[in-house]
Amino acid sequence: MGSVNHDFSLRLPRLPGPGETVVGGPFLSSSGGKGANQAVASSRLGARVSLLAAVGEDELGELALEQLRREGVDTSLVQRAGAPTGVSLVLVDASGENQLAVALGANLALDPVRAEAELRRLRPPPRLILGCLEIDPETLLRAFQVAREGGWTRLLNAAPVRPLPAGLLSAVQIVVCNREELPAVAPRGIGALLREQGLEAVVLTLGAGGAELH
């Protein structure tokens, strides 16, 4: 459950500073979004995946749906919204570090009422729900509450960092974040986050350094 965007990516020798222009290449235009990317990755690993999301009634939305279907992702729960499909601008340097800016667009059309209704209709119920923060956090909270009632495993990729509604972290079991996101997600440290929110695990991603499981 999450975002579907179209990515416009540019590789650079280094990331620009404020007001600076850095010349680079190559340029890549491709379907993406944290929700769609996680759905595709899960499908490639052999999982049976349905994506709950929203795209625009535009060419980028149709392209995203086609690519998701080719990757074996069930798109029957993807809503066609009146807003434009979300767009991401991605800059990547020679070491793989990146900067992103996102216009969420149609991703915000997925509201709590529709999310709850779609999840309650799923047969058979899923074993795991995976969400990210490129959609309305209140929608995500409602979805995790439904999943908790159903006994599904609940995993939150806490990106991009944004204010979280009360109860969201305690409604999930596993949180994934990177080093930059960690202070916002766990201002008192990973140990305090695990104790205070009742989480089962925190995964800290380290880029080229892999990941830590707490």
Engineer: Side-chain donor-acceptor contacts of residues 140-152 below 3.5 Å, not counting sequence neighbours, with atom names and distances?
Structural biologist:
residue, atom, partner, partner atom, Å
Arg142, NH1, Glu116, OE1, 2.8
Glu149, OE1, Arg120, NH1, 3.3
Glu149, OE1, Arg120, NH2, 3.1

Engineer: Which heavy-atom pair separates Arg48 from Pro124 by the least distance, and what is that distance?
Structural biologist: NH2-CG, 4.1 Å

Engineer: Let me confirm one number: the SG-CG distance from Cys177 to Leu204, rounded to the nearest 0.5 Å.
Structural biologist: 5.5 Å

Engineer: How about Val49 and Val40: do any of their side-chain heavy atoms sit closer than 4.5 Å?
Structural biologist: no

Engineer: So which atom in Pro163 and which in Pro137 form the shortest heavy-atom distance, rounded to 0.1 Å?
Structural biologist: O-CG, 4.1 Å

Engineer: May I have the step-by-step check of side-chain contact (heavy atoms from CB on, under 4.5 Å) for Leu169 and Leu156, ending in yes or no?
Structural biologist: CA-CA 8 Å; Leu169 288 177; Leu156 172 66; 4.1 Å; yes

Engineer: Can you confirm whether the side chains of Asp58 and Thr85 place a donor and an acceptor under 3.5 Å from each other?
Structural biologist: yes

Engineer: Out of curiosity, does Leu199 fall in the hydrophobic cluster containing Leu164 (side-chain heavy atoms, cut-off under 4.5 Å, transitive links)?
Structural biologist: yes

Engineer: What is the minimum heavy-atom distance between Ala171 and Arg154, and which atoms define it?
Structural biologist: O-NE, 2.6 Å

Engineer: Please name the residue in the list Gln38, Glu134, Glu181 that meets the side chain to side chain donor-acceptor pair (under 3.5 Å) test with Asn157.
Structural biologist: Gln38

Engineer: Given side chains that start at C-beta, do those of Thr153 and Gln173 come closer than 4.5 Å, heavy atoms only?
Structural biologist: yes

Engineer: Just verifying a value: how many Å separate Leu128 CG and Leu155 CG, rounded to the nearest 0.5 Å?
Structural biologist: 6.0 Å

Engineer: Could you tell me if the side chain of Glu62 sits less than 4.5 Å from the side chain of Arg80, heavy atoms only?
Structural biologist: yes

Engineer: For Leu119 and Ile129, run side-chain contact (heavy atoms from CB on, under 4.5 Å): C-alpha distance rounded to whole Å, both residues' side-chain angles, the deciding distance at 0.1 Å, then the answer.
Structural biologist: CA-CA 10 Å; Leu119 291 173; Ile129 180 168; 4.1 Å; yes

Engineer: Working to the nearest 0.5 Å, report the span between OG of Ser43 and CG of Leu68.
Structural biologist: 9.5 Å

Engineer: State whether the number of non-hydrogen atoms from other residues, nucleotides or ligands found under 6.0 Å of Arg188 atom CZ is greater than 12.
Structural biologist: no

Engineer: Using the rule that two of Ile, Leu, Val, Met, Phe, Trp, Tyr join whenever any of their side-chain heavy atoms come within less than 4.5 Å, decide whether Val4 and Leu77 are in one cluster.
Structural biologist: no

Engineer: Please say yes or no: joined through hydrophobic side-chain contacts below 4.5 Å, possibly via intermediate residues, are Leu122 and Ile135 part of one cluster?
Structural biologist: yes

Engineer: Do Leu28 and Arg11 make a side-chain contact, defined as non-hydrogen atoms from C-beta onward lying under 4.5 Å apart?
Structural biologist: no

Engineer: How close do Thr205 and Val176 get, counting heavy atoms only, and between which atoms?
Structural biologist: CG2-CG1, 3.8 Å

Engineer: Kindly indicate, with the supporting measurements, whether the criterion side-chain contact (heavy atoms from CB on, under 4.5 Å) is fulfilled by Leu168 and Leu133.
Structural biologist: CA-CA 11 Å; Leu168 178 59; Leu133 294 173; 4.2 Å; yes

Engineer: Starting at OG of Ser42, measure out to CD of Glu71 and round the result to the nearest 0.5 Å.
Structural biologist: 11.5 Å

Engineer: Can you give each donor-acceptor pair under 3.5 Å made by side-chain atoms of residues 207-214, sequence neighbours left out, with the distance rounded to 0.1 Å?
Structural biologist:
residue, atom, partner, partner atom, Å
Glu212, OE1, His214, NE2, 2.9

Engineer: Minimum heavy-atom separation for Gly24 and Pro13, please, with both atom names.
Structural biologist: CA-CD, 4.3 Å

Engineer: In the structure I gave you, are the side-chain heavy atoms of Leu91 and Val22 within less than 4.5 Å of one another anywhere?
Structural biologist: no

Engineer: Would you say Arg14 and Glu20 make side-chain contact, with heavy atoms under 4.5 Å?
Structural biologist: yes

Engineer: Looking at Glu59, I want to see if its CD is surrounded by more than 12 non-hydrogen atoms of other residues, nucleotides or ligands under 6.0 Å.
Structural biologist: no

Engineer: Quick one: CG on Leu52 to CG on Asp74, what's the gap to the nearest 0.5 Å?
Structural biologist: 10.5 Å

Engineer: Does Leu10 belong to the same Ile/Leu/Val/Met/Phe/Trp/Tyr cluster as Phe8, with side-chain heavy atoms less than 4.5 Å apart forming each link?
Structural biologist: yes

Engineer: To the nearest 0.5 Å, tell me how far Ser30 OG sits from Asn37 CG.
Structural biologist: 8.0 Å

Engineer: Specify the closest pair of heavy atoms between Ala81 and Ala106, including all atoms of both residues, with the distance to one decimal.
Structural biologist: CB-CB, 4.0 Å

Engineer: Do Asp136 and Leu110 have side chains that get closer than 4.5 Å, going by heavy atoms?
Structural biologist: no

Engineer: If we only count heavy atoms from C-beta on, is the Asn107 to Val102 side-chain gap below 4.5 Å?
Structural biologist: no

Engineer: Does this structure show an ion pair linking Glu66 with Arg69, if we count only N-O contacts that are shorter than 4.0 Å?
Structural biologist: no

Engineer: Counting N and O atoms only, with roles assigned by atom type, does the side chain of Ser3 sit under 3.5 Å from a partner on the main chain of Lys34, one being a donor and the other an acceptor?
Structural biologist: yes

